[in-house]
Amino acid sequence: MGCCGSAERTKREWRPLEDRSCTDLPWFLLFTVFCVGMGSICGFTIVTGGAARLVFGYDSYGNTCGQRNEQIEGVRLSGLDHTDRKYVFFLDPCNIDIVQRKIKSMALCVSLCPSEELTSYQDLKRFAMLNGSELCSYELAGHKYPGLPERFTKCPKLPVPPSKALPVFNRCTPVDISCYAKFAEAVVTFVGDNSVLHRLIAGVAASKEIIIGLCLLALVLSMLLMVIIRYISAVLVWILTALVVLGSLAGTSVLWWLYIDHRLYGNDTSTKVTKEVKEEVEVSRDSGQALLVYAISATVFTVILLLLMLFMRKRVALTIALFHVAGKVFIHLPLLALQPFCTFLALLLFWIYWILVLLFLGTTGNPEQNEETGLTEFRLTGPLQYLTWYHAVGLVWISEFILACQQMTVAGAVVTYYFTRDKNRLPVTPILSSVLRLVRYHLGTVAKGSFIITLVKIPRLILMYIHNQLKGKENACARCMLKTCICCLWCLEKCLNYLNQNAYAATAINSTSFCTSARDAFVILVENALRVAAINAVGDFVLFLGKVLIVTSTAFAGVLLLNYQRDYAEWLLPLIIVCLFAFLVAHCFLSIFEIVVDVLFLCFAIDTKYNDGTPGKEFYMDKALMEFVESSRRLERVVERGRSRAKEVVSEGAEMKPMAPGTSSA
């Protein structure tokens, strides 16, 4: 079978919810093999001891704490029995390499972390004698610490801060976090005064209940907005129209006013021109010409914009109708509101797993001695070093796969709603039915679509990494080319995302393969290009206003609730946290709303293309969309009657035209 479905029927017969069959089965098998490979990486890290080294910790000689170890060839003090030494202790825990994000210190396995500060080597000796936990290198006897010459390099740096073990990872961590002052300074360099940082953190701690309440408020407002947006969409659209018209007219008027003012000022000073100010006059004349060009360009833009809005007003009405129907969809399918939670939970679980395996890979491999420090580290060598790249590709592909599953699930539920004539006879759980259809028939289609996005996203991420690494080193031409490539790949990714989303909807309707669905959806979108432009332009702005409404409402409520704190500096961080969370929640929920609108439009375009309302070809669409179609037909009939009358007038005028002089009948 070809990529574009050459083996399938050439003429598409749209039969919603019929002839369901498996699609893109080879891609499902490929994705399954890839996921097995991801799981094999995790198994490899566990079998080779990388997972145990991360969880239990290991010392600078390659010994894993809390267990018996085997001798490592060429590494002294390896192969020790650390069954009773379960904790990792760093001789200098404050020596942090910020760039490499690791502690540059010798690590030892000890039986107990020091709970009190040790200020001398005599204290180290007493701690070793009382607790049996030796904090110096293994070859040094605890009762000889104060007199050994090696104590300056193989014993902990004094004073030893009090520490306690982490709950899971068994690392002795200093209780006083001021030990990490350099690291904290690098993280919060934007804070000039520590007191400001302390006040901000104190404000967050004092307002944690209010922050949680405001986050819940943002969640409720987002869910509520998806239902009521159908009632306020018309108002928001007219607000958008008024702002665009007034803004374009105002901008053009200001440019013409500046040009006229500059022209009058120039004429007033031209009689006083001397040789000394000739250059200034030339500059002024150039500025006047530039203002004239700007004013003419703005005028042309305004005229084109007004004409576009005049001709596209009917398509704007379609956007309002689609928003109205989308609100009804959420009333009939309330479980759609839970889709962001399910997707976020799936992504969160996968990201946690991915990070854990990445950490396992960091402690997996062959033991090697660092030439600078002499410490033993584990690194992947040879072909095994490509496991990290494989794991990185898995992050992108599987994340995109999860997002694509959300799009397919929403599309399947909306398609079921649209093509069910009697809404009272909808399935009990359309969302669950859509999920089951996805799992049973269309996982291959989702895998293929997400893989195409991965092919575009990975080169963009690589170019972004190269750009960041070469910042300040590359020339202007290379920097411009890198940014251009990144921008082009970003635009391509957005276009493919939009096409993929419509391809999933076409698959949910007709159960066709990804390429066939993408081709059919593309044809439908091209045939309705002006409608697509209107829906994307107006719809995106309306949804943006919805996000702004949720953020501002949450921020206003936050100001009212935080008003009791007279130290207004403490408001900053809580309000920033709340506003960021509100925007994130609003974006997640309104993104679902946007998917619903896009799927409804594709269904509407298919419905109007293959049905005309006659018996046997009845429309599936909602009453609001039916009213839009009827009004469009009435307008078309009026225009058609006007054209026919104009033709009749022209033909009558031609018949009544007098004969030219000098002619006679035969």
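Sequential numbering from 1 along the given sequence is applied to the chain's residues. Everything numeric here is computed off the predicted structure, so don't read it as measured data.
In plain terms, the two heavy atoms of T554 and A582 that are nearest each other are OG1-CB, 3.9 Å. Smallest separation of non-hydrogen atoms from V415 and C603: CG2-SG, 4.0 Å. Taking each heavy atom of C65 and F56 in turn, the nearest pair found is O-CB, 3.5 Å. Smallest separation of non-hydrogen atoms from C109 and T64: SG-C, 4.4 Å. Counting all heavy atoms, side chain and backbone alike, L356 lies closest to L54 at O-CD2, 4.3 Å. Nearest heavy atom pair, residue A107 against residue V88, reads CB-CG1, 4.0 Å.
F344 CZ: 12 or fewer foreign heavy atoms inside a 6.0 Å radius. Under a cut-off of 6.0 angstrom, the local environment of CZ in F350 is crowded, with over 12 non-hydrogen atoms contributed by other residues, nucleotides or ligands. By the 6.0 Å contact criterion, CD on Q385 is enclosed, its count of non-hydrogen atoms from other residues, nucleotides or ligands being greater than 12.
There is a side-chain donor-acceptor pair under 3.5 Å between R437 and T416. Using modelled atom types, one finds a donor on one side chain and an acceptor on the other under 3.5 Å when comparing D24 with T445. Judged purely by distance below 3.5 Å, without hydrogens or angles, the side chains of S517 and T512 pair a donor atom with an acceptor atom. Checking T454 against E400 by side-chain atom types alone, no donor-acceptor pair falls below 3.5 Å. Counted by atom type alone, T23 and H442 present one or more donor-acceptor pairs between their side chains at under 3.5 Å. Looking only at atom types and distance, the side chain of S399 has a donor-acceptor partner in the side chain of W351 under 3.5 Å away.
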Query raised in the report: Yes or no on side-chain contact (heavy atoms from CB on, under 4.5 Å) for C488 and T484, after CA distance, side-chain angles and deciding distance?
Result: CA-CA 6 Å; C488 291; T484 302; 4.1 Å; yes
Report task. Could you give me the CA-CA distance, side-chain angles and deciding distance for L336 and V410, then say whether side-chain contact (heavy atoms from CB on, under 4.5 Å) is met? Result -> CA-CA 7 Å; L336 275 179; V410 174; 4.1 Å; yes
Query raised in the report: Would V357 and M38 satisfy side-chain contact (heavy atoms from CB on, under 4.5 Å), going step by step from the backbone distance to the final call?
Result: CA-CA 9 Å; V357 176; M38 291 283 290; over 6 Å; no
Query - Step-by-step side-chain contact (heavy atoms from CB on, under 4.5 Å) determination, F401 to V446 - result: CA-CA 6 Å; F401 177 83; V446 172; 3.6 Å; yes
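Ring pair F360/Y353: centre-to-centre distance not below 6.0 Å.
A ring pair (Phe, Tyr, Trp, His ring centres under 6.0 Å) with F323 holds for exactly one of F601, F593, F330; it is F593. Among F28, F31, W397, the one residue that satisfies the ring pair (Phe, Tyr, Trp, His ring centres under 6.0 Å) test with F451 is W397.
The side-chain hydrogen bond (donor to acceptor under 3.5 Å, both in side chains) analysis of residues 574-600, with sequence neighbours excluded, yields the pairs Q501-D598, K547-H587.
Listed by chain and residue number, nothing satisfies the salt bridge (charged side-chain N to carboxylate O under 4.0 Å, His left out) test with R171 (two or more places apart in sequence, or in another chain).
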